[in-house]
Amino acid sequence: MTVLFLHNTLTRRREVFVPLDPRHVRVYVCGPTVYDLAHIGNARPAVVFDVLVRLLRRLYPRVTYVRNITDVDDKINARAAATGEPIAAITARTAADYHADIAALGVLPPDVEPRATQHIAEIITIIERLIASGHAYAAQGHVLFSVPSYPAYGQFSGRSPDELLAGARVDVAPYKRDAGDFVLWKPSPPDLPGWDSPWGRGRPGWHIECSAMSWKHLGESFDIHGGGADLIFPHHENEIAQSLSAFPGSRFARYWVHNEMLNVDGAKLSKSLGNFFTIRDVLAKAPAEAIRMALLRAHYRSVLDYSDAAVAASRADLDRFYRAVERTSPVEAEIPAAVLDALCDDLNTPAAFAAMHTLADRAMAGDAGASGGLLAAGKLLGLLGSAPEAWFRGGEDAGWIEAAIAERLAARKARDFARADAIRADLASKGVALEDGPAGTTWRRA
RNA sequence: GGUCCGGUGGCAGAGUGGUGAUGCAGCGGACUGCAAAUCCGCGAAUGUGGGUUCGAUUCCCGCCCGGACCUCCA
């Protein structure tokens with residue numbers, strides 16, 4: 001059995017992954033809040049955890065992957081108020097857009113995609129348990145989690161409650177007993193989404209949703225909880241406080257996996273800096289696989305600098321891989337050990353790519369097994385999913401290109417190289433690169 | 001201010017207590033009418049000052065630099 005190592009945020013070290021039940025691995029990842037198109041930064045966790053789940057499926061007989069959708073949130077409400085579009089329309093459309101965008105990036109759907117609004121009953125149940133056990137209290141239509149009731153609060157994210165207070169940036173609401181207490185339930189006026197509850201009509205706070213949805217679909221204890229590193233505090237700290245307080249004796253998530261942030265051209269995504277791109281924006285400019293590979297080019301726990309140059313480099317790598325597979329027809333092969341080992345070493349995708357380059361070298365030299373191994377590795381990573389023919393020459397009608405190649409061939413036979421080169425230059429200006437080989441001239445999209 | 005993470009060749013980016021992957025770029029060569037692709041070869045890096053050690057890029061401490069987080073941003 002291949003051993004999988006994962007860096008666990010809980011212990012801040014690399015650990016051997018041992019599932020609670022080796023016959024059934026359970027994973028929860030925080031999904032999007034659906035109020036606007038997903039940006040390229042949102043794509044990183046989607047792709048990273050897609051690779052992790054693909055790997056887990058390779059290693060274990062059964063994996064349940066839950067990735068939620070947050071469809072009740074003040075940002076959604078604000079968007080509706082600003083645009084006049086009904087909330088239900090915003091969330092439905094944005095969720096559909098999200099699905100389309102990440103599917104284009106080769107991200108497979110999760111097994112369960114729970115929505116917060118469909119788990120109000122579970123949310124209320126957990127809140128009631130927290131109140132009954134003294135971990136939460138109702139005040140002025142709100143229900144708040146009592147941070148002092150959970151002594152380990154702050155341990156996960158490495159903060160003490162005192163420093164959290166010192167760093168608090170918002171005014172403390174008068175109904176809070178302790179400045180650090182956070183909201184589990186808040187009252188909703190008639191014009192906002194709300195559900196009847198023991199505390200009046202209201203809506204859930206953000207953190208409680210994930211505690212409720214993971215509980216419903218994976219149980220009190222499960223294996224892996226993932227998300228972006230920016231969620232460590234407060235979101236995941238709060239989830240842990242809620243779930244462990246509501247279910248004493250449970251473990252909640254045993255391994256916490258966090259992807260680092262993504263910068264664009266060296267800076268954090270920001271609309272004012274002009275480096276804020278949606279997934280849709282970048283898909284319009286480059287092949288989806290090149291974008292996916294660019295997102296896996298750095299280790300998931302390192303800051304990734306996304307740029308056109310990174311996408312171009314990824315595309316060049318993919319060209320090389322596809323060329324190798326095209327040159328030497330692959331035979332059915334297992335995932336090469338070097339690639340599997342790299343991925344099992346805390347998802348070391350850069351090392352996996354290095355191993356794939358070695359396979360490509362061998363495939364270029366005629367090794368059909370290496371070619372098959374390269375393809376198998378690509379499949380595990382969600383890459384090399386096209387036929388080389390489609391990758392290099394897919395798309396529009398190529399008749400005019402073939403005609404130009406024929407004309408250039410005639411010119412070459414007549415040793416009219418000026419004419420031949422002019423034709424080649426013309427094709428190049430139209431994004432078509434020619435390659436003369438022993439078997440004739442081939443072309444590809446540059 | 002607090003907490004955390006990181007600083008590896010021109011660029012991207014792994015790894016390691018004992019000759020520092022991989023890719024791109026560069027240089028030389030083969031092939032080609034010339035290119036492209038492919039192949040062969042070459043040069044090129046561990047922020048800084050200490051400590052531990054036979055030996056440190058790796059472990060520890062200081063400094064400098066960069067980044068993230070600090071109550072609802074993946």
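All of these numbers come straight from a predicted model, not from anything done at the bench. Labels below follow one simple rule: chain letters A, B, ... track the order of the sequence lines, proteins then strands, and each chain is numbered from 1.
Using a 4.0 Å heavy-atom distance criterion, Asp421(A) is classed as a base contact. Among the protein residues, Phe353(A) comes within range of no part of the nucleic acid, since none of its heavy atoms lies under 4.0 Å from any strand.
A distance of 6.0 Å or more separates the ring centres of Phe5(A) and Phe17(A).
For the segment residues 355-392 of chain A, residues with any heavy atom less than 4.0 angstrom from an atom of RNA chain B are, sorted by number, His357(A), Met364(A). Proximity of residues 287-297 of chain A to RNA chain B (heavy atom under 4.0 angstrom from any strand atom) is restricted to Arg297(A).
Counting heavy-atom neighbours within 6.0 Å of Gln155(A) CD, excluding the residue itself, gives a total of 12 or less.
Applying the 4.0 Å criterion to OP1 and OP2 of C73(B), one finds that Asn42(A) has every side-chain N and O outside that range. Phosphate proximity of A68(B) to Lys268(A): absent, as no side-chain N or O sits under 4.0 Å from OP1 or OP2. Neither OP1 nor OP2 of C5(B) sits under 4.0 Å from any side-chain N or O of Arg301(A). Between Thr9(A) and C4(B), a side-chain N or O to OP1/OP2 separation shorter than 4.0 Å is absent. Not one side-chain nitrogen or oxygen of Arg203(A) sits closer than 4.0 Å to the OP1 or OP2 atom of C72(B).
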Dot-bracket for RNA chain B, please, read 5' to 3', with Watson-Crick or G-U wobble pairs under 3.5 Å on both distances, ( ) within the strand, [ ] crossing, | other strand, . unpaired. (((((((..(((.....[...))).(((((.......)))))....(((((..]....))))))))))))....
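Contact check for Pro187(A) versus Arg201(A): no side-chain heavy atoms found under the 4.5 Å cut-off.
Here the closest heavy-atom approach between residue Ala95(A) and residue Ile69(A) is recorded as CB-CD1, 3.9 Å.
In this structure, His258(A) atom NE2 and U3(B) atom C1' are separated by 15 Å, rounded to whole Å.
Listed for the Asp73(A) side chain is no donor-acceptor partner under 3.5 Å among the backbone atoms of Thr33(A).
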